[in-house]
Amino acid sequence: MTDKNLAPVYDPSEVEERLYQEWLEKDYFQAPRDLKRKTFNIVIPPPNVTGSLHMGHALDNTIQDILIRRKRMEGFDTLWLPGTDHAGIATQIKVEEHLAADGLTRYDLGREKFIERVWQWKDEYHERIIGQLYKLGVSCDWSRERFTMDEGCSDAVRQVFVALYHKGLIYRGNYIINWCPRCHTALSDIEVEHEDAEGTLTYIRYPLVDGEGHVVVATTRPETMLGDTAVAVHPQDSRYQALIGKEVLLPLMNRKIPIIADDYVDPEFGSGAVKITPAHDPNDFAIGERHQLPSVVVIAEDGTMTQEAGKYAGLDRTEARKQVVDDLEAEGVLLQIEKHQHAVGHCQRCHTVIEPLLSKQWFVSMKPLAEPAIQQVKNGEIRFVPERFTKVYLNWVENIRDWCISRQIWWGHRIPAWYCECGKTIVAREEPQTCPHCGGQALKQEEDVLDTWFSSALWPFSTLGWPEETADLEHYYPTDVLVTGYDIIYFWVARMIFMGLEFMHKKPFHTVYIHGLVRDAQGRKMSKSLGNGIDPLEIIEQYGADTLRFTLITGQAPGHDQRFRQESVDNSRNFANKIWNASRFVLMNLGDTTAAELELDSLTDADRWLLHRYNQTVREVNRLMDTYELGEAARTIYEFLWSDFCDWYIELAKIPLYDAQTEAEKQTVRSVLTYVLDRTLRLLHPFMPFITEEIWQKIPHSGKTIMLASWPEYDPALEFSAAHERMATVMEVTRTIRYLRSEVQLPPGRKAQVILNVDSGASAQALAAGEAMLKKLANLEEMTVVRELPEQPQQALTAVVGDIEIYLPLKGLVDIEQEIKRLQKELKKLESEVARAEGKLNNQGFLAKAPQQVIAEERAKAENYRLRRDKVRERIISLR
RNA sequence: GGGGCUAUAGCUCAGGGGGAGAGCGCUUGACUCACAUUCAAGAGGCCACUGGUUCGAUCCCAGUUAGCCCCACCA
């Protein structure tokens, strides 16, 4: 027998570190690759190696660990594959910031040295992140850990790139892209965050080249007028019919540009005439294509004006804007400036205002890849939980546009394309030695790297060894559930589905579980700039991982954001302590027994009641977990453990444990306590892995670890409805007597007498069986059950439970007037209940259409309320 | 301009076609031999508003109001 003397307060810090090491040493997390067993797999959303884990990660990983631990206990061959993400731009920015502290830029180091520095950074932060995951208690298979830039994943990236290129789905070309002047790179559309901003709409007069008159255009970005190559109007706009085909003279630049007609123009907006700058606006670019307009690039990649901008060359774009406006005013062509609300794009990583630029970049053609990914979701092969996210996904995928994948940074997968002097481009998995077209050897590899999400998209299969045909890939692909926040459905989830279908010809997972954000106590997003972030590690150090996990999971409803509040942490901590102390009680009362076999024959009503409740809890928890309602599942266990097991059963168990005549009676209770505690710990283990293991090891058990103990299932042998009913009566009477006692402030030290007058044999039986319990729990000295009461005691408090009249004779303590008042209040309540039930029963529609069971229940209720009403009424009369 | 979510006890939130739930807070009592990180008892809600469907709506549907979020190239 292990040590039974537990400290009265649970101390997680002592337990968690030790248990996690033990689990690691014994390889409990390792997936066995047992071909005979069914698999259950999850790939971790790889955390970025930029910093440390936040509450969102803690929630995300807690959810995954819960799913994984349950399936492992259910006997599945379970793999939770961990790893980290190189996070291209984000990590590069961090390292650059670090260098900046020493007054250095990445150019000072050069590409090779800089990347070395980033690898060092990666190593350092990788260690930190893994350490944090350890502390959370996640049961990942660390022997299979991956990194998006490790050799295998990099190979997968090249393989995919080459395949898509040869299929014509990757191409390179000149298009308007989102350019971040700060990060100095192109971005994809979804890396741009739009924010409404108060801007201005500037009206400028462009004079006609021939003859009198002018055209007025309106723009939010006057500085781009330097690059205008046309003015567009709507073809049907009567105001401008005569002007179409003529030319205007572009102010400041004195360039002749044509007036063209295009349907894109909204005659209602501004002046109805639009200046066209193909090099700096996506719409203008499209119009430029349609009308073969030249593009004049006036803003450079660093955000300054180019030589094409004439005298403004070299100015920063914001400075240029001011000067252009001033000069326009000086020339007398500035008509007016009005305020204007519009959305301005910002870089997701550094929040700099995005510049739409004409640039040569690599793209993935998305529509062909999206098609099957739409079908898989539409036909239910891939399911979102909660379901409404299906729409969010489809809405994006059905309107998908090509993906700009090249980034002008250094940290990432370098694009496997080489340019030859002969002008040809070679795309290959391995570096070519000579040009296959001209045989030349002067090949230069593309400088750009890939969008970090390119490698993420391959994660479910690249981590299992693809493109090699590994045993893991064969056995573990596809995975089962993907757990993530709604913020990366587009970035990651959609693209994984695309790539999984394209390269594995199988969906990467069948279920996408979407959770919400963890916000601060005021409901604000946790962010560094606000300084309102709560570090999960601090909570773990102070309260333990179990407490943090329980707080996060109970605070969570599928797909909804939650607030992280101290009260909730306290509550979870208290719960852990409650479990600890309940277990202390069990351990202290185990006697010499080492095993607990339930002997169903010798059970009392209390035992049967607990087993029944336990069994219901198991069924409910399984149902909830099957539908991913993990917060509800956790609350259900909480409720059972605290209310049923602790508040009622442990108190009831004390009776035989302390007073029983025979050892056999004690033994029965011990076995029930042990059995239910054991199984409830198993049920709770996925949620609170540490404390459950720690206690489980101390109570009688078979097996090495609770991690591999069998998962509790509903057991028909534990259905005890009759006993459950009887106990419900006993409990209700108990509560009522306690209530009466507190009504007259009867001191706890004073034992009371009670007379119970019953109408039915069933009640008499329940009370007889529950006598000892009632005496203890309601603090009674004497309890008398009668079938008929010759004379009602006057100096007594009264209440009615079902057909049971409860009399609490208290000479000298009962204020008759007060008691009548209280009973009248009770009578009023009962009368309204009777009225409600009878109202229903008198409704012909109800009787005709409601289900029989509901009608029967309603009849029983009505009967019960009438009975109680009459008894209370009688009592009032007798007191008068 | 589209799409979505939310409105339940003082606070934070679960729930769900047939008499409203939790935690915290509040009131009253108790250091009772597992636990005061506790126990017992209690107060507190026309479940946002208006219609509809139904025998029956807090729950389903429509609309209204308020708040939040996502997507979108009207200069």
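From a predicted model like this one, the values you see are computed outputs, not experimental measurements. Letters go in sequence order (proteins before strands), and every chain restarts at 1.
Of the side-chain N and O atoms in Lys391(A), one or more sit less than 4.0 angstrom from OP1 or OP2 of rG4(B). For Tyr658(A), a side-chain nitrogen or oxygen approaches OP1 or OP2 of rA34(B) to under 4.0 Å. Taking only side-chain nitrogens and oxygens, Asn574(A) comes nearer than 4.0 Å to OP1 or OP2 of rU38(B). OP1 or OP2 of rU6(B) has at least one side-chain nitrogen or oxygen of His560(A) nearer than 4.0 Å. The phosphate of rA41(B) (OP1 or OP2) has a side-chain N or O of Arg738(A) nearer than 4.0 angstrom.
Here rU32(B) sits opposite no nucleotide as a Watson-Crick or G-U wobble pair (both hydrogen-bonding atom distances under 3.5 Å). The partner of rU65(B), taking Watson-Crick or G-U wobble pairs whose two distances both stay under 3.5 Å, is rA7(B).
Checked by distance alone, Arg573(A) brings a side-chain donor or acceptor within 3.5 Å of a matching partner on the base of rU37(B). Judged by distance alone with a 3.5 Å cut-off, no donor-acceptor contact links the side chain of Glu629(A) to the base of rA14(B).
Residue order along RNA chain B, read from the 5' end via each residue's closest nucleotide, puts Ala837(A) first among His342(A) and Ala837(A).
Note on Pro356(A): nothing from the nucleic acid sits closer than 4.0 angstrom, heavy atoms only. Within the nucleic acid shown, Trp648(A) has no heavy atom closer than 4.0 Å to any nucleic acid atom.
If you check rA34(B), rC73(B), rU12(B) against the side chain of Arg565(A), the one that comes closest is rU12(B).
Atom pair Asn571(A):CG and rC11(B):C1' shows a separation of 14 Å (rounding to whole Å applied).
A distance of about 39 Å separates the C1' atoms of rC60(B) and rC74(B), rounded to the whole Å.
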